[in-house]
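Have a look at the structure below before the remarks.
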Amino acid sequence: MDRLEEIKSAAEKLPAISEDAISKLCQSLPRLVQLVNEKFLIDDKFCCGKPLDKHMKIVKNIHKNFGDALLAVYQFSLYDVLIHEFAWIVSTLFYRDFEKDYFPKMLNAWIMAIHGTIEPSRSRELIQPLRFLERNLSVILENWDISAKLENENQEEFMNLLLEKRRRDATDYTISLLDSGYSPDDLCHGILIPAMKQIGLLWQKNQITVSDEHAATEITRYIIYRLCDSIPRKQALPHRVLVSCVPGEEHELGAEMVASYLESQGWTVYFTGHSAPDEDIVVVISRYMPEVILLTSTLISNLPSTVELSKRIRQTEPASKIILGGRAVVRAKRRMQEFADALIVDYREAHLTAIRLL
Amino acid sequence: MAKVAVRLNEITREFFDGKQIRMVLKKTNLDIYTREFTVIAGPSGSGKTTLLTIIGLILTPTSGRIMIDDKDVAHRSEDELAAMRMKKFGFVFQNADLITALSVAQNVLVPTAIQGAPVSAESKRAMEEILAQFGLASYAYAMPQQLSAGQRQRVAIARAMINAPILLLCDEPTSALDIESSTTVLDTLKRLSQDENRGVVMVTHDPRVFPYADRMIKLEDGEVIDDSKSGGEEKHEE
Ligand SMILES: Nc1ncnc2c1ncn2[C@@H]1O[C@H](COP(=O)(O)OP(=O)(O)O)[C@@H](O)[C@H]1O
Ligand SMILES: [Mg+2]
């Protein structure tokens, strides 16, 4: 077990945080983020050391996201995920030439802001996991480098076409693989997903830009449609499913794949994509009465809204079955179980899982 | 390099509240550094002022040692303490408490005045320099009543600076100020704190102050419950 994993399992033993403390954190979050940002602005102004100035925009984003993730982590006692998220921040920033001393300072700024804003007994609870992170920071700072290799040439070739933004060629390439005997699922699972994961890592390593990544996402989305349209649909099933990202979730590709896959299996699919607010999703459900509702969440910070929506659906449509999926849900598997009828780790589980629930 | 300005060693303080003896500062070990803006935070009655005035040799601890320049000074005579206080520390309180009958310049010179003796040329030069540095040069001969609350507080900081103290000890210096003046005061103190021969210690419960802190010591019921310096863990004897 590597040292990062050791810390993660040690983190799991941290005590749960009281509901009251979590709601205080939730109320104070915007203020806390503001105080943390201010700390960096003030230090830039008065202290020696390399100023962050040009990085300030990234830093503000990081602080906002860290705060949101923290709330989710605390709400569901996902301390191992906290380590993971922080390690992600560390490597993302190291690849952008951040100095080592940013990280202890950032943690300290959060601790001071929490101590300063939230009443003592609650602040004491809330800082514990942050202190844990601080104590183990050196391990995280030593294990930040991410190595990632693609498994084969096909993945590599496809990824390069995506990065070169050659939509036509990337599409032709996948169709040619289809003709040479790959199934659409083989392609999604064996080529599209690994290539997109790798592209995410390249962004993290600061080797490509956000717009490169977005362009790759768009092309991949287009290819998924083409792949789905290229195969004959199975016999129609008398079942309806709603597929949606949870409110606030921008990462749509996973939901897209599940939707297309279920469609290919004969389901009637209602797809609400990303950024649909709670209300709209609930309206769609009451209009079309899908037997199964499949929600995906990629970012940890969207877990609270995942759970909220799931609770709401259970209340308004108790007959509907809820399936949760997506990277965040998989990471928080243990805690998410009670909020769904089933969880899926891989989009290909969607069909059988849904059938089983009916 | 930051230096230890004051080291508190097993310090406690009790008060008699008329009925019983109460421990208002439980056993405390702390090193206070120069080149640092240290904030002492905590709810009202948690012992912040007690701690600050012990650091500043105003209040005598019930037990424990106060190390300055590697010597325990906790139980020196009142005269010795007064001299050391004057030389080592500058104090800033919630209200500037300037002497209304004296000009800004005279107020700043108060801590240099040795009874009977005239103000030295050196002190006068220091006063002018500090007022200039604080952008208050043109107010030298103004009377305190003519200044805004923020300006008065900065005069109080100038006064605290006159003897080139190793620590500026401030008790809620911004709590009576509006946002703008409190920002100016905090900027001033922050700038002063980033010097290897000087640190700032501030007692506060004003959240606007926290982004200025390099270190935060959190008190609760007379006990240090968190200290960003020691990673929140009990500090052990070195
Ligand atoms: N001179 C004194 N006599 C008796 N009790 C005191 C005296 N000074 C402070 N205390 C008590 O000690 C506790 C801490 O006071 P203080 O240090 O002023 O707290 P803070 O500055 O955090 O508000 C309070 O309960 C206060 O009532
Ligand atoms: Mg007080």
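Proteins get letters first, then strands, A, B, ... in listed order; numbering begins at 1 in each. Note that the coordinates shown come from a computational prediction; the quantities given were computed from them, not determined experimentally.
- Other residues, nucleotides and ligands place no more than 12 heavy atoms under 6.0 Å from the NZ atom of Lys27(B).
- For CG of Asp70(B), the number of neighbouring non-hydrogen atoms (other residues, nucleotides, ligands) closer than 6.0 Å is 12 at most.
- Taking each heavy atom of Ile118(A) and Lys218(B) in turn, the nearest pair found is O-NZ, 4.3 Å.
- Below 4.5 Å, heavy atoms of chain B meet heavy atoms from Arg31(A), Leu35(A), Glu38(A), Lys39(A), all part of residues 22-40 of chain A.
- For Ile127(A), the part lying under 4.5 angstrom from a heavy atom of chain B is the side chain only.
- Nearest approach of Met216(B) to Gly116(A), heavy atoms of both residues: CE-N, 4.0 Å.
- Nearest heavy atoms, Arg191(B) versus Phe46(A): NH2-CE2, 3.4 Å.
- Sorted by first and then second residue, the salt bridge (charged side-chain N to carboxylate O under 4.0 Å, His left out) pairs involving residues 149-169 of chain B (not counting sequence neighbours) are Asp97(B)-Arg159(B).
- Within 6.0 Å of the NZ atom in Lys3(B), the count of heavy atoms belonging to other residues, nucleotides or ligands exceeds 12.
- The local environment of CD in Glu19(A) is sparse, with at most 12 non-hydrogen atoms from other residues, nucleotides or ligands closer than 6.0 Å.
- Annotation: the span from Asp226(B) atom CG to Ile111(A) atom CD1 amounts to 6.5 Å, rounded to 0.5 Å.
- With a 4.5 angstrom heavy-atom cutoff, Pro207(B) touches chain A via backbone and side-chain atoms both.
- Side-chain contact between Asn108(A) and Asp214(B) is absent, with no heavy-atom pair separated by less than 4.5 Å.
- Heavy atoms closer than 4.5 Å to chain A are found nowhere in Ala41(B), neither backbone nor side chain.
- Of the listed residues Asp187(B), Asp206(B), Thr204(B), the one with more heavy-atom pairs under 4.5 angstrom with chain A than any other is Asp187(B).
- Within a 6.0 Å sphere centred on OH of Tyr102(A), heavy atoms belonging to other residues, nucleotides or ligands number more than 12.
- No side-chain heavy atom of His115(A) sits less than 4.5 Å from a side-chain heavy atom of Ser228(B).
- Shown here is Lys26(B), whose NZ atom has more than 12 heavy atoms of other residues, nucleotides or ligands within 6.0 Å.
- For Lys45(A), the part lying near chain B is the side chain, with the backbone staying farther off; criterion is any non-hydrogen pair under 4.5 Å.
- Enclosure of atom NE2 in His205(B) is not indicated, since only 12 or fewer non-hydrogen atoms of other residues, nucleotides or ligands lie within 6.0 angstrom.
- Using a 4.5 Å heavy-atom cutoff, the side chains of Lys190(B) and Cys47(A) are in contact.
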